[in-house]
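Letters go in sequence order (proteins before strands), and every chain restarts at 1. It should be emphasised that the depicted structure is a prediction, and the values quoted were computed from it without experimental measurement. No hydrogens, no waters, no symmetry mates; every other heavy atom, side chains included, goes into these values.
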Protein chains: 2
Amino acid sequence: MGRVPKVMTAQSRSPSGYATWRLIAEELRREIVGGARAPGAKLPPEAELAERFGVHRNTVRQAVSALAAEHLVVSRRGSGTYVAEHTVLVHRIGARTRLSDSLGSRGDASRRLLASAVEPEPPAEVTERLSLGGGAGLRLETASSVDGLPISRGTHWFAADRVPGLAERFSDTGSITAALRAVGIDDYVRAATTVGARHATVAEAADLSLTAGSVVLVTRSLDTLMDGTPLQLGITRFVAARVELDVGHPDLELDGPA
Amino acid sequence: MGRVPKVMTAQSRSPSGYATWRLIAEELRREIVGGARAPGAKLPPEAELAERFGVHRNTVRQAVSALAAEHLVVSRRGSGTYVAEHTVLVHRIGARTRLSDSLGSRGDASRRLLASAVEPEPPAEVTERLSLGGGAGLRLETASSVDGLPISRGTHWFAADRVPGLAERFSDTGSITAALRAVGIDDYVRAATTVGARHATVAEAADLSLTAGSVVLVTRSLDTLMDGTPLQLGITRFVAARVELDVGHPDLELDGPA
DNA sequence: TCAAGTTGTCCAGCTATCTAGACAACTCGA
DNA sequence: TCGAGTTGTCTAGATAGCTGGACAACTTGA
């Protein structure tokens with residue numbers, strides 16, 4: 001592979017608005033999370049990386065320390081820098097799958113309530129998609145993490161009068177499904193989900209322990225009761241570096257008879 | 001909203017590795033593609049934006065010109081800066097939906113073949129998921145655009161001996177579905193799709209007319225014949241700023257009887 | 001025990017980026 | 001027609017980040 005893209009050749013920085021060390025960090029991160037460098041593997045020495053990217057070793061060091069800050073690599077003086085265990089969480093998006101399920105399959109996962117509030121006048125999108133019609137909205141802010149690393153932040157909207165006491169129930173269980181069951185809603189399905197991606201806002205970067213400008217996956221989903229009544233509008237921001245979404249296609253059989 | 005995050009306070013650059021003007025550009029882009037600023041709407045004057053972000057007007061100008069470079073805004077001397085028509089393409093991911101469908105619903109959309117090649121030894125992932133078993137792989141590189149703006153880049157793998165002449169057929173129609181039909185494959189379905197997001201590589205940024213460090217949505221999908229034989233492994237990079245993925249959930253009825 | 005290899009720390013100089021200010025060019029409503 | 005408002009262009013200076021080099025601290029294998 002020799003020299004690699006060569007974007008960062010000139011002295012100091014490329015005029016892209018991105019610091020050279022950031023571009024290098026992102027390239028190395030791609031190699032790691034993409035699987036080209038397995039956990040436990042040793043990274044090439046800084047001197048070698050510096051030569052490969054055509055920059056000074058100090059610049060590589062800054063890139064590596066950024067990766068170390070997000071626990072993707074661990075450096076040992078005198079020995080080398082090693083890829084850390086980093087397991088990417090695969091979250092399945094399906095009509096009946098919940099984030100709790102994806103988290104539950106893992107060892108040290110948690111989901112917790114950060115805040116809840118009754119909003120007399122929710123944003124237009126919420127009023128519309130939940131068919132609130134002037135009623136108040138209940139907003140829940142949640143956070144999830146795996147192995148102590150933040151995975152996602154979620155904003156969940158409900159019709160306030162349909163789910164009395166939901167916030168308290170959620171705190172008990174860490175599961176929205178369980179909390180809904182506790183307030184009398186036994187079943188619901190995912191009606192629609194859209195997926196986008198963008199740079200994290202400053203606030204999101206802080207919340208998710210990311211450096212500014214990291215990438216987040218954003219899902220917007222609508223859950224409905226079995227009779228089609230809209231139940232929950234959820235907006236979830238996932239740390240793109242640590243999460244992959246799996247879009248199930250279980251509707252194969254549905255097409256046969258049609 | 002007053003002053004906004006204030007990340008970029010100090011002189012020169014913030015210590016995040018991102019130039020101040022880039023952070024501002026990304027914030028403005030979020031406001032625009034997020035819908036807070038409608039197409040045709042006038043942006044606040046540069047002086048006002050400068051005050052809001054706590055930077056000099058020149059810094060705002062650099063951010064705005066970056067947005068202008070991606071055709072998200074248009075500046076008119078003496079008048080102001082306006083949000084351009086930018087329509088986000090919504091691409092539905094379902095068992096039987098094709099990118100051609102999403103593109104087809106739009107006015108000036110195109111899809112074209114960039115390259116095709118028979119690879120005697122495809123990457124391990126391809127060999128495995130397509131069950132090539134030592135056979136050669138056919139690789140197609142495609143690009144799609146809407147209104148002259150690049151939307152995606154795709155890499156499509158097939159078993160070379162199962163789809164003779166596919167590349168030529170694709171060039172004719174701009175549709176993989178049509179090309180497959182032309183070589184005798186009438187029907188197939190999406191078996192699995194995963195979605196991730198990350199910063200674009202340097203090469204991708206160039207291919208998709210993006211500035212370095214922009215965000216791309218990455219889907220990896222496997223299509224199979226109706227009998228389950230793997231047919232196509234596709235890796236598509238979408239411009240996150242211009243595309244939203246819609247995950248259909250058409251399998252509601254499937255769960256009832258189960 | 002030693003030497004090669006690797007990461008950690010420090011410092012001086014250069015340069016791109018941001019700040020600051022001024023003025024030109026143009027639009028649009030009064 | 002005029003003037004307020006807005007974008008376009010230019011110059012100059014300050015500073016943080018990148019470069020380049022040297023050396024210390026530590027690990028590992030011979």
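- Atom C1' of nucleotide D:dT6 and atom CD of B:Glu51 are separated by 16 Å, given to the nearest angstrom.
- Side chain of A:Ser145 to main chain of A:Gly148: no donor-acceptor pair is present (N/O by atom type, distance under 3.5 Å, no hydrogens or angles).
- Side-chain atoms of A:His199 and A:Ser214 form no donor-acceptor pair, as typed in the model, at a separation below 3.5 Å.
- Residue A:Trp21 places none of its side-chain N or O atoms closer than 4.0 Å to OP1 or OP2 of D:dG17.
- Rounded to whole angstrom, the span from the CD atom of B:Glu46 across to the P atom of C:dC26 amounts to 16 Å.
- B:Phe53 has its CZ atom 14 Å from the P atom of C:dC18, to the nearest Å.
- B:Glu128 is linked by a salt bridge (charged side-chain N to carboxylate O under 4.0 Å, His left out) to nothing, counting only residues two or more places apart in sequence or in another chain.
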Contact list (N/O, under 3.5 angstrom) for nucleotides 27-29 of chain C vs protein:
| residue | atom | partner | partner atom | Å |
| --- | --- | --- | --- | --- |
| C:dT27 | O4' | B:Gly78 | O | 3.4 |

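- Defined by atom type and a distance below 3.5 Å, a donor-acceptor pair is missing between the side-chain atoms of B:Thr193 and B:Thr219.
- Between the side chain of A:Arg242 and the backbone N or O of A:Pro150, at least one donor-acceptor pair lies under 3.5 Å.
- Listed candidates were C:dT7, D:dT6, C:dT19. Nearest to the side chain of B:Thr59 is C:dT19.
- Considering only side-chain N and O atoms, B:Arg61 lies under 4.0 angstrom from the phosphate OP1 or OP2 of D:dG8.
- Atom CD in A:Gln62 sits roughly 15 Å away from atom C1' in D:dG20 (whole-Å rounding).
- Minimum atom distance to the side chain of B:Ser75 is reached by D:dG8, of the listed D:dG8, D:dC18, C:dC18.
- Note: CZ (A:Arg22) to P (C:dA16) measures 21 Å, nearest angstrom.
- The A:Thr81 side chain lies nearest to C:dT7 when the options are D:dT9, C:dC18, C:dT7.
- Remark: the backbone N or O of B:Arg61 is paired with a side-chain donor or acceptor of B:Ser65 at under 3.5 angstrom.
- Protein atom NE2 of A:His56 is 18 Å distant from nucleotide atom P of D:dG17, rounded to whole Å.
- At a cut-off of 3.5 angstrom, counting only N and O atoms as typed in the model, there is no donor on one side facing an acceptor on the other between the side-chain of A:Arg57 and the base of D:dG21.
- Per the geometry, CD1 belonging to A:Ile24 stands 16 Å off P belonging to D:dG17, to the nearest Å.
- Where B:Asn58 and B:Leu43 meet DNA chain D, the nucleotide closest to each residue was compared, and B:Leu43 sits on the side nearer the 5' end.
- Open room surrounds CD on B:Glu121; 12 or fewer heavy atoms of other groups in view lie less than 6.0 Å from it.
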